[in-house]
Amino acid sequence: MSDNVPTPDTQPVRFERLHTAERWWLRVGSLMLIVFLVVVGVDSVYNASMQSHGSQQLATENVASTAPFDKPGTYEAKDGTYDAIVVAYAFGFLPLEDLVVPVDTKVRFHVASLDVVHGFTIPGTTNVNLEVLPGHVSEVTQTFSEPGRYLILCNEYCGSGHHFMTAHIRVLKRGEDPKNPPKLDGTPVANAQEATEAMEKMSNMAGMDHGDSK
Ligand code: CUA
C-alpha cells in the first residue's frame, strides 16, 4: 500500500532533475537576460560619446552674449545644410518668430537654456527630443521630408508656465525661399508681454556679461 503513496520530494531541486521543457525555458530565459544586458551595456558605452548634451559647455549667463546664441534663428551653411539656433527660457523659445527651413535639408538644432532645465521636442514624425540642461548646448540633427508648420514643445517641467512653452518651425515647400518665406495667415506666435520680457532678459544678461556694473 505504502508503495503507491508518492514519497515527498525532500531533495533540493537540481537542474538535471527538471522536466525537459522546463530546462529549455530556463535556458531561453537566461539567454534573453544575457542578450538584454549586453545590449544595454554596449548601448551605454557607445552612446556616452554621442550624448545630445554635454559636448559643448556654455554657462547660462553667457548664452545671450555668445555667438551664435546672441542671434537665434536659422542659418544656411556653406554646404546647403541648416543650423537652427534656439534659446530656451522660462517660458518660451527664441527666436519668437517661426524657425524656417527648406524641405529635405539637414537641420542641426543647437539649443541652450537661459535659466533652468527645459525640453525641446518636435512631436509627430521627428526624432527631435532634447533635454536642454543649463550650462550645456544640446544638439540634434533632423531632415524634414514633409513641408508644414511643426509644433515645438518643452517637455521638461520647468515651472508655472511650462505648458505655455511652445514654438514652431516651418518647413517650406520646394522652391520657396527661406529668407523670404510666404506669409502665414496671421497666426500670432507669441504674446507681446512674453516677447518684451524675453528681450529684456537677453539684454540684461548680455549687459552683465560685459562687466559694466560700475
Ligand atoms: Cu520649459 Cu517646460
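First listed ligand is number 1; within each ligand, the first listed atom is number 1. These values consider heavy atoms only, across backbone and side chains, with no hydrogens, waters or symmetry-generated copies. The first residue in the sequence is number 1, and the count goes up from there.
Between K106 and D79 there is no salt bridge, since none of the side-chain N atoms of the basic residue sits less than 4.0 Å from a carboxylate O of the acidic one.
Both V87 and L96 are assigned to one and the same hydrophobic cluster, defined by single-linkage of ILVMFWY side chains at heavy-atom distances under 4.5 Å.
Shown here are the salt bridge (Lys or Arg N to Asp or Glu O under 4.0 Å) partners of E76, two or more places apart in sequence or in another chain: K179. Taking the side-chain hydrogen bond (donor to acceptor under 3.5 Å, both in side chains) definition, one finds that D177 meets it with nothing, sequence neighbours left out.
Using the six-membered ring where Trp is involved, F109 and F120 have ring planes that are tilted, between 30° and 60° apart.
Excluding waters, the set of protein N, O or S atoms lying under 2.8 Å from atom 2 (Cu) of ligand 1 comprises C154 SG, E156 O, C158 SG, H162 ND1.
Sequence neighbours left out, not one pair with a member in residues 21-34 passes salt bridge (charged side-chain N to carboxylate O under 4.0 Å, His left out).
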